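Encoded as structure tokens, the structure appears first; notes follow it.
When reading the values below, keep in mind they use all heavy atoms of this one structure, side chains included, and skip hydrogens, waters and symmetry mates. Since we're looking at a predicted model, the values are computed, not measured.
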Amino acid sequence: MERLDEDSADLDFLEENLEKTEELTEKMTSILNVFDDRLVRLEASILAIHKSTQTLSKLVDNIDKTRNGVVEIIGYFDLVEREEVTIKRGPNVNDLDSYLNSIGKCNKAMEVLGAMRLKSSEKIIGQLKQILKAAMLQLEELFRLWLTERSNPIEPLSFLTKKLEIPGIPSVSSKNLKTLSSYLATTGLELGYTSEFVKIYIDVRSNYLVKSLTMLAQASISTAEKRSTPVYEKEYEVAEKILPPENVSSSFRDAIQQSLDNFIEIGRILNNRIKKNMQTDIYLAFDIMETLHLNMGAFEEIFKLAGKKDTALSDLIYSLRAVAIRSFPEFLDEIKQSHSTKTSGLPNDGTVHELTITTLQHLKRLTDYPETIESTLLTLGDGNWNASEKDPNFSRDRNGRISGNAVVKHYFSDVLECLAQSLDSKAKTYKKFTLTSIFLLNNYFYILKSIRTQFMSVLDPEVESKFDKMVKKWNDTYQDTWKSCFSNLMDYTWVRGGALKTTLGSNEKQTVKEKFKNFNTEFDELYKVHKGYSMPDPELRNQVIRDIRAVLIPMYNRFLEK
């Protein structure tokens, strides 16, 4: 019972607390409803303020932008006065960027004012156009100045003879010129202005090429010597380095037009000179032909880039080739004609004849142009340089084809044979046989030595053997001229009564004295005479002296002992 009363008391307590909790809940709900109502009203107030703030911010931004725009536009109206002095003064070569920056400002001002289409800006735009045109002209003059300073005509021959590289435009200058030409090209288009920097390039570089190559041409004509020059190739490199890519080919083409015309004309002048002086200047033809042959690809490419047909070049090569072909039989004729002038230039001392020297020099010069000589002789036709002695089988291989190398050998062999005949003919005009033998010995030894040192590759071994035999023959012939002197030393043995005499009588002693006297007299006379003769080659002279000593000294010693 007591337990029940306790539980009843707890229940009453709980009910009392529950009622209090419900009262608190109702109060809290009422308060929250009030808060919610207030928050709704606050949100409505703040949203309106926020929208007003955004509008004000945009308004402020627009005002700032407008103010800045007005300031900028006002600045453009004043720009002409500020930049005109700088632009009219012209660019500073050491500070080009400042000048380009000034142009950029004027260009932008013209774009902005043009887009606004304000009546008040029309005058300013007109002034800006004039300033910008003046600026472009100033830049073009600077381009001309820089390019001209780096385009002083040169003397190519002086560089070629010293094996120096043809000078180009320094890299720093090329970079500056490239910057300037690119700026003129792009900015000119933007301004609607057609820059003439390409024409300036063509004028300056064409003048440079013409003057430089004219110097080379004059030197070539005066010295009768023509060498290849890489000026054209250098010029294309220059165009690539200082012009925009789209202008390179056309500018190079126009710049070399006059030079190519001059090149062909100088070739014709040189060819005419060669025709008039065949034997002295024919090497010039070979030199030009070989140069053109070795660089034909480059020349054809140059003519192609220049927009020219290569007929002029082909005609020049054809003319040179015709002259070259004519030179081979004419050279042989020159040697043959010397037969009729037997005493012409005949040396009194029996030394090497000028004809021998010039002939061997000519052959040596021909070996400097192996491919050109071979092709030219093949065109002429084997043996056609000497039709009367032509051997149709000389230069053909087993298949009947003409060999270029054999044709050259045949020609060289014919020249030496013709030279030998001329020398033999000339030698017969000497009144003294001793001088005849010395003359032929000197000349044949000179030929033999030249064959061994210079022409073994262009002559068959039989040719060397032939002249070797000639040298030995005339050496022996010269030795025979000493026989009259040597005969005084012939070995005599006196015999009396079948026994060898050990003592000589007065008559026999006198005979021995006479022999010594005659020997000394004849030796002195031979020495005086032969001392006036010439044997210019030390090798030959020493050999001849050894051969004489080999006979004379043993004979003299034996005779003296007896």
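Across all non-hydrogen atoms, the minimal contact from Leu147 to Ser151 is O-OG, 2.6 Å. Considering all non-hydrogen atoms of both residues, Phe143 and Ile242 come closest at CE1-O, 4.4 Å. Pairing each heavy atom of Lys409 with each of Ser457, the nearest pair is CE-O, 3.9 Å. In terms of heavy-atom proximity, Pro536 sits nearest to Val352 at CG-CG2, 4.2 Å. Closest approach of Leu360 to Ser450, counting heavy atoms only: CD1-CB, 3.5 Å. Between Ser422 and Ile335, the shortest heavy-atom contact is OG-O, 3.8 Å.
Checking each of Lys469, Lys449, Arg452 against Glu464 for a salt bridge (charged side-chain N to carboxylate O under 4.0 Å, His left out) leaves exactly one that passes, namely Arg452. Remark: of the listed residues Phe328, Tyr411, Phe412, Tyr411 is the sole one forming a ring-ring contact (aromatic ring centres under 6.0 Å, His included) with Trp385.
Atom CD of Gln361 sits about 12.0 Å away from atom CG of Leu366, to the nearest 0.5 Å. Here the OH atom belonging to Tyr446 is positioned 15.0 Å from the CG atom belonging to Leu441, to the nearest 0.5 angstrom. Atom CG of Asn443 sits about 10.5 Å away from atom CZ of Phe467, to the nearest 0.5 Å. Rounding to the nearest 0.5 angstrom, the gap separating the OH atom in Tyr444 from the CG atom in Asp424 is 3.0 Å. The structure places CD of Glu290 at 8.5 Å from CG of Asp368, a figure rounded to the nearest 0.5 Å. The line from CG of Asp349 to CD1 of Ile438 is 9.0 Å long, rounded to the nearest 0.5 Å.
A heavy-atom distance below 4.5 Å is found between the side chains of Val204 and Arg144. A 4.5 Å side-chain heavy-atom check between Thr477 and Trp474 finds at least one atom pair inside the cut-off. In this structure the side chain of His353 reaches within 4.5 angstrom of the side chain of Pro347, judged on heavy atoms. Under the 4.5 Å side-chain criterion, counting only non-hydrogen atoms from C-beta, Lys241 is not in contact with Lys178. At a threshold of 4.5 Å between non-hydrogen side-chain atoms, the residues Tyr533 and Phe439 do not count as touching. Residues Phe445 and Asn475 fail the side-chain proximity criterion, which asks for heavy atoms closer than 4.5 Å. Residues His362 and Ile282 have side chains in contact (heavy-atom distance under 4.5 Å, counting atoms from C-beta outward). Residues Pro170 and Arg150 form a side-chain contact, since some pair of their non-hydrogen atoms from C-beta on lies under 4.5 Å apart.
A donor-acceptor pair is defined here as one N or O able to donate and one able to accept, closer than 3.5 Å; no such pair exists between the side chain of Thr359 and the backbone of Thr356. At distances below 3.5 Å, not a single donor-acceptor pair connects side-chain atoms of Ser425 with backbone N or O atoms of Gln421. No donor-acceptor distance shorter than 3.5 angstrom exists from the side chain of Asn247 to the backbone of Leu243, with no hydrogens or angles considered. Under the 3.5 Å distance criterion, the side-chain polar atoms of Thr358 are matched with a main-chain donor or acceptor of Leu355. A side-chain donor-acceptor contact under 3.5 Å links Thr379 to the backbone of Ser375. Proximity of a side-chain donor or acceptor of Arg541 to a complementary backbone N or O of Met535 within less than 3.5 Å is detected. Formation of a donor-acceptor pair under 3.5 Å by the Ser181 side chain with backbone atoms of Leu177 is found in this model. Judged by distance alone, with hydrogens and angles left aside, the side-chain atoms of Thr351 form no donor-acceptor pair with the main-chain N or O of Ser534 at under 3.5 Å. Judged purely by atom type and a 3.5 angstrom limit, Asn442 uses its side chain to pair as donor or acceptor with the backbone of Gly350. With Ser327 contributing its side chain and Ala324 its backbone, the two residues share a donor-acceptor pair below 3.5 Å.
Between Asp468 and Lys472, at least one side-chain N (NZ, or NE/NH1/NH2) sits under 4.0 Å from a carboxylate O, which counts as a salt bridge.
Side-chain atoms of Asp547 and Gln543 include a donor-acceptor pair closer than 3.5 Å.
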**Request:** Could you give me the CA-CA distance, side-chain angles and deciding distance for Val458 and Leu363, then say whether side-chain contact (heavy atoms from CB on, under 4.5 Å) is met?
**Result:** CA-CA 10 Å; Val458 291; Leu363 293 181; over 6 Å; no
**Item:** Test side-chain contact (heavy atoms from CB on, under 4.5 Å) applied to Lys428 and Thr436, step by step
**Value:** CA-CA 7 Å; Lys428 292 177 182 178; Thr436 297; over 6 Å; no
**Message:** Could you go through Thr434 and His530, starting from their C-alpha distance and side-chain angles, then the distance that decides it, and tell me whether this counts as side-chain contact (heavy atoms from CB on, under 4.5 Å)?
**Reply:** CA-CA 9 Å; Thr434 300; His530 286 222; 3.6 Å; yes
**Prompt:** Are Ile447 and Val471 close enough, and set up right, to give a side-chain contact (heavy atoms from CB on, under 4.5 Å), and what steps lead you there?
**Reply:** CA-CA 10 Å; Ile447 295 171; Val471 169; over 6 Å; no
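Residue Asn152 qualifies as enclosed at atom CG: its count of foreign heavy atoms under 6.0 Å is above 12. Residue-environment remark: CD (Glu371) stays at or below the threshold of 12 foreign heavy atoms within 6.0 Å.
Cation-pi geometry between Arg321 and Tyr318 is not satisfied (NZ or CZ under 6.0 Å from the ring centre, within 45° of the ring normal).
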